[in-house]
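Here is how names work: the chains are called A, B, and so on, in the same order as the sequence lines, proteins then strands, and each is numbered from 1. Computation of the quantities below employed the complete heavy-atom set of this structure, encompassing side-chain atoms and omitting hydrogens, waters and symmetry-equivalent molecules.
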Amino acid sequence: MVGYSTLMPELYVFILAAFVGYMVITRVPPLLHTPLMSATNAISAISVVGAILVAGSANSLVTKILGTIAVAAAMSNVVGGFILTDRMLKMFKKEKR
Amino acid sequence: MLQTYFVDVSYLVASVLFVLCLKFLNSPETARKGVLLGEIGMALAIIGTLINHEIITYEWIIIGLFIGSIIGIAIAVWTPMTHMPQRTALSHAFGALAVTLVGIAEFYKHGADLGTIKTAAIGFECLLGALTFTGSMQAFFKLQEWMRGAPITFKGQNALNMAILAGMIGLLGYIIYDPTASWAFYLMVALGFAFGVLLVLPIGAADMPVVISLLNSYAGLAGSATGFVLSNNVLIIAGALDGASGVILSIIMCKAMNRSMANVLFGAFGSSTAGAAAPKVTMPSPAAASAAQAAPTGPVIKKLTPEQAGGLFKNRSKSVIVVPGYGMAAAQAQHAVRDLGDQLKTLGISVKYAIHPVAGRMPGHMNVLLAEANVPYTDLFDMEDINEEFEHTDVALVIGANDVTNPAARNNEQSPIYGMPILNVDKARTVIVCKRSMSPGFAGIDNELYLMPQTYMLFGDAKGSIGKLVDSIKSGNVEDVPVEAPAAAAVTGGGPAVKQLSAEQACELFSKKAKRVIIVPGYGMAAAQAQHAVRDLGDLLKSMGVKVKYAIHPVAGRMPGHMNVLLAEANVPYTDLFDMEDINDEFGEADVALVVGANDVTNPAAKTNPQSPIYGMPILDVELAKTVIVCKRSMKPGFAGIDNDLYLMPQTYMYFGDAKTSIGKLVDAMKAAK
C-alpha cells in the first residue's frame with residue numbers, strides 16, 4: 001500500500017502531539033484564553049510551509065494560483081496572529097503599586 | 001544533502017519552540033517570551049522551506065508572502081480589542097482556506113497517483129477545511145453584524161444537514177475506494193463549503209464562544225491532515241496543538257453554559273418553540289424567587305462576630321479540634337491558625353487538628369501548610385484517628401473546609417456525596433465555621449452542617465477572621481454569644497418592583513455604602529466600547545480606598561477571554577480580573593456589585609427555577625451582594641430570551657442607558673461629589 005510506511009510514524013507523532021497539547025493547554029488560565037486562541041492560530045498557520053511548496057514547485061498555472069492564495073491567507077495568520085498575540089499580552093499588567 | 005538536513009532540523013526546532021510557546025502561556029509573566037519563541041520557530045520553518053530544493057520558482061511565493069504580510073499587519077494593528085472575536089473567526093477562515101487550497105492543488109497535481117492513504121488524508125483535509133472556511137466566514141459576518149446574529153432556522157434543516165453530511169462521508173469513502181474519481185472529490189469539497197454555512201446558520205451570537213472554539217479545533221485538525229498529505233511532521237504537530245486547544249476550549253465553554261455540544265450545534269431547532277414559551281414560564285418566577293429568598297428564615301443561620309467566637313473559646317471550651325480546608329490555604333491563614341492554637345494552649349485548652357485525606361488541593365496539602373507555620377506534627381491527626389473524638393469535644397472550628405464536613409454524606413442517600421467519608425464535625429458540642437459565604441463547595445451542594453442548632457458561622461476571609469479572633473482572646477475583649485442569635489439579613493421590600501437610579505443616586509450609593517465593589521462586565525460593555533469608562537470608575541473607586549475586583553464569567557462576551565482582553569486594553573491590571581470560581585464566594589461580602597451589560601450569566605433563575613431554560617448553568621452569584629446596580633439599556637431579556645429575576649430583587653437597582661455614557665456620567669458625578 002502506497003504511503004503506509006509513513007502513516008504509522010505520522011500517527012504516533014499526531015497522537016503524542018495531541019497529548020502534549022492537552023497537557024500544556026489545560027494549564028493556560030482562563031485569563032489568557034483569547035491570547036491562547038490567537039497564538040495557536042498563528043502556530044497552525046505553519047501550513048504556509050505547505051502552501052509555499054505548492055506555489056513554488058508547481059508547473060501548472062492553476063496550482064500556482066491556488067498556492068499563492070494559500071500562501072497569502074496563511075501568511076496573514078502568521079504575521080497577524082503573532083503581532084496581535086503580543087499586542088494583547090503587552091496589555092496584561094500587574095497592579096502598579 | 002546539507003540542505004535537507006537544515007530543512008529537517010529547522011522543522012524539528014520549530015516544533016519544540018511551538019510547544020514551549022504554549023507552555024509559557026500558562027502565566028501572564030512568561031507569555032510574551034512564549035510568543036517570541038513561537039515567532040522564532042515560525043521564521044525558522046519558513047526559511048527552511050524556502051531553501052528546499054523542490055522549489056523551482058520564487059515569484060509567486062514572494063507575491064503571496066507579501067500580500068499575506070500586508071493583510072496580517074493591517075489586521076494586527078487596526079483590530080480593536082472589542083473586535084477580537086471577529087478577527088479570530090476571520091483567521092480561522094483564512095487558515096482553513098489555505099489548507100483547503102493546498103489540498104485541492106495537491107489533488108489536482110497528483111490526482112490518482114496518491115494512493116489510498118494520501119487520498120483519505122486529502123479528503124479529510126479538504127472536507128474539514130471547506131466547512132471551517134464557510135462556517136468561520138459566517139461566524140465572522142454574524143459577529144461583525146453584517147448579518148443577523150439570531151439563529152436562522154427553517155423547516156427540514158436537520159434533515160438537510162444530515163443528508164449533506166451523509167453525502168460528504170459517502171463521497172469521501174468513494175474517492176478512497178476509487179482515487180481516480182475526481183468528480184467525487186470536487187463534489188465533496190463543494191458539499192463541505194455548503195455544510196459549513198448550514199452548520200453555523202442556526203447558531204446565535206451568544207453561542208459563538210463554543211462555535212469559535214469548535215471551528216478552531218477543526219482548523220487545527222485540517223492543518224494536521226495537511227501534514228499527513230505532505231508527510232510533514234511540523235504541520236502534524238502544529239495542527240494537533242491547535243486542534244487540542246480548540247477541543248479543550250469548546251468543552252470549557254460548554255460546561256460554562258451547562259450545555260452539551262449537540263445542544264449548542266442543533267439546539268436552535270427546538271428554540272423557536274422554547275423561545276415562545278419562555279415568557280410564560282418565567283412570568284411567575286420573580287415571586288418564586290422572592291419566596292425562595294424568604295425561605296432561609298426557616299432554619300436560622302447564626303452569625304458570630306470574632307469577639308463572640310473569642311468568648312465561646314475562652315469561657316466555654318476545654319477541648320478544641322481545628323478542621324482546616326482549602327479556604328485556609330487560599331487565604332494563607334495557616335500562621336493565624338497557629339497563633340490561635342498557641343493562644344488557646346496558653347489558656348490550658350487542648351488543641352488538635354483533624355486532616356481529611358482530600359482537604360486542599362493535593363495529598364498532604366494541609367499538613368505541609370501547618371508544618372510551615374510551625375504547628376508540631378504531633379498535633380495533626382488523620383481522619384480515622386480523630387473521628388471518634390469529635391463527640392467529646394467542646395468546639396470544632398472549621399476553617400475553609402466544606403464538603404468533607406457535610407453530614408449529608410452520612411445520612412442523605414439522595415446527596416451526590418452520599419457515602420464519602422467525612423469528618424464527624426457535627427458531633428462536636430459547638431461548631432464554628434469560618435468561611436467567606438454560604439456558597440456551596442466543589443460538589444455544588446449545600447452543607448447541612450451550617451444550619452444545625454449547634455453551628456455558628458464566622459463569615460469572612462480566614463486570615464482576617466482568625467486574626468481578629470486571636471486579638472480578641474489576647475486582649476480579653478470577648479463577648480458572650482447572644483441567647484437569641486441575630487437572624488440572617490432580613491428580607492425587606494414589598495412586591496417586586498423595578499427601582500431606577502439616576503447617575504447622582506448611583507454615585508451616592510457608591511460613595512456611601514461601598515467598601516468592596518465587584519464589577520461584572522458582559523457583552524454590553526464591549527458593544528458600547530465602555531471598557532475605558534469602566535476602568536475610570538474602577539480607578540476612581542480605588543482612589544477612594546474601595547476594593548475593586550472584576551468578575552469574569554467564562555462565556556461573557558463572544559469568545560473565550562473576551563472581557564479579559566478588553567479590560568487589559570483599558571489598563572486594568574490582570575490581578576484584578578477573577579474567574580467565576582475564584583470570585584463567586586466573594587459576592588456575599590461585596591457591598592456593591594455593578595453589572596455592566598451582562599445578563600443571563602447573572603440570572604439567579606439558573607439556580608432557583610428548574611423551569612427556566614438556563615437552569616443549571618453556572619452563574620456569577622451577583623444576587624448575594626448587598627446592593628446590585630445593573631447598567632443596561634433596557635429591561636429587555638438577553639440572548640436566552642428570558643427575564644432576569646435579578647432585576648426585580650429588593651437589593652437591585654437599574655441604571656438604564658448605554659454603558660459608555662452611563663458609566664461616564666457616574667464617574668463625572670462622583671468626581672463632582674468629591
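- Highest contact tally toward chain B, considering only A/Val71, A/Leu16, A/Asn41, is held by A/Asn41 [criterion: heavy-atom pairs under 4.5 Å].
- Side chains of B/Pro28 and A/Leu31 form a contact here, defined as non-hydrogen atoms less than 4.5 Å apart.
- B/Trp60 is listed as a side-chain neighbour of A/Leu61, based on a closest heavy-atom distance under 4.5 Å.
- Within the 4.5 angstrom heavy-atom criterion, atoms from both the backbone and the side chain of B/Ser213 approach chain A.
- Comparing A/Ile83, A/Thr26, A/Ile69, A/Val24 by heavy-atom pairs within less than 4.5 Å of chain B, the highest count is held by A/Val24.
- Under the 4.5 Å side-chain criterion, counting only non-hydrogen atoms from C-beta, B/Val247 is not in contact with A/Tyr22.
- Among B/Ile75, B/Ile71, B/Asn216, the residue making the largest number of heavy-atom pairs under 4.5 Å with chain A is B/Asn216.
- Only the side chain of B/Ile248 comes within less than 4.5 Å of a heavy atom of chain A; its backbone N, CA, C and O stay farther away.
- For chain A, the nearby part of B/Ser224 is the side chain; its heavy atoms alone come within less than 4.5 Å.
- Only the side chain of B/Leu249 comes within less than 4.5 Å of a heavy atom of chain A; its backbone N, CA, C and O stay farther away.
- Taking CG from A/Leu84 and OG1 from B/Thr88, the interatomic distance works out to 7.5 Å, rounded to the nearest 0.5 Å.
- B/Asn232 places a side-chain heavy atom less than 4.5 Å from the side chain of A/Val49.
- Contact count against chain B (heavy-atom pairs under 4.5 Å) is highest for A/Ile25 among A/Ile15, A/Val48, A/Ile25.
- Residue A/Leu11 touches chain B through both its backbone and its side chain, counting heavy-atom pairs closer than 4.5 Å.
- Side-chain contact between B/Lys109 and A/Ser57 is present, with at least one heavy-atom pair separated by less than 4.5 Å.
- When heavy atoms are compared at a cutoff of 4.5 Å, B/Phe66 does not approach chain A at all.
- At least one side-chain heavy atom of B/Arg87 sits under 4.5 Å from a side-chain heavy atom of A/Ser38.
- The part of B/Glu106 that comes within reach of chain A is its side chain, from C-beta onward, which places non-hydrogen atoms under 4.5 angstrom from that chain.
- Contact annotation for B/Ile73: both backbone and side-chain heavy atoms come within less than 4.5 Å of a heavy atom of chain A.
- Residue B/Ala219: no heavy atom, backbone or side chain, is found under 4.5 Å from chain A.
- Residue B/Val77 touches chain A through its backbone alone, counting heavy-atom pairs closer than 4.5 Å.
- Taking A/Leu36, A/Ile65, A/Val78 one by one and counting their heavy-atom pairs under 4.5 Å with chain B, the maximum is reached by A/Leu36.
- B/Leu566 does not touch chain A: none of its heavy atoms, backbone or side chain, sits under 4.5 Å away.
- A heavy-atom distance below 4.5 Å is not found between the side chains of A/Thr85 and B/Arg32.
- Taking 4.5 Å as the limit, every side-chain heavy atom of B/Leu22 sits out of range of all side-chain heavy atoms of A/Val28.
- Neither the backbone nor the side chain of B/Tyr58 comes within less than 4.5 Å of any heavy atom in chain A.
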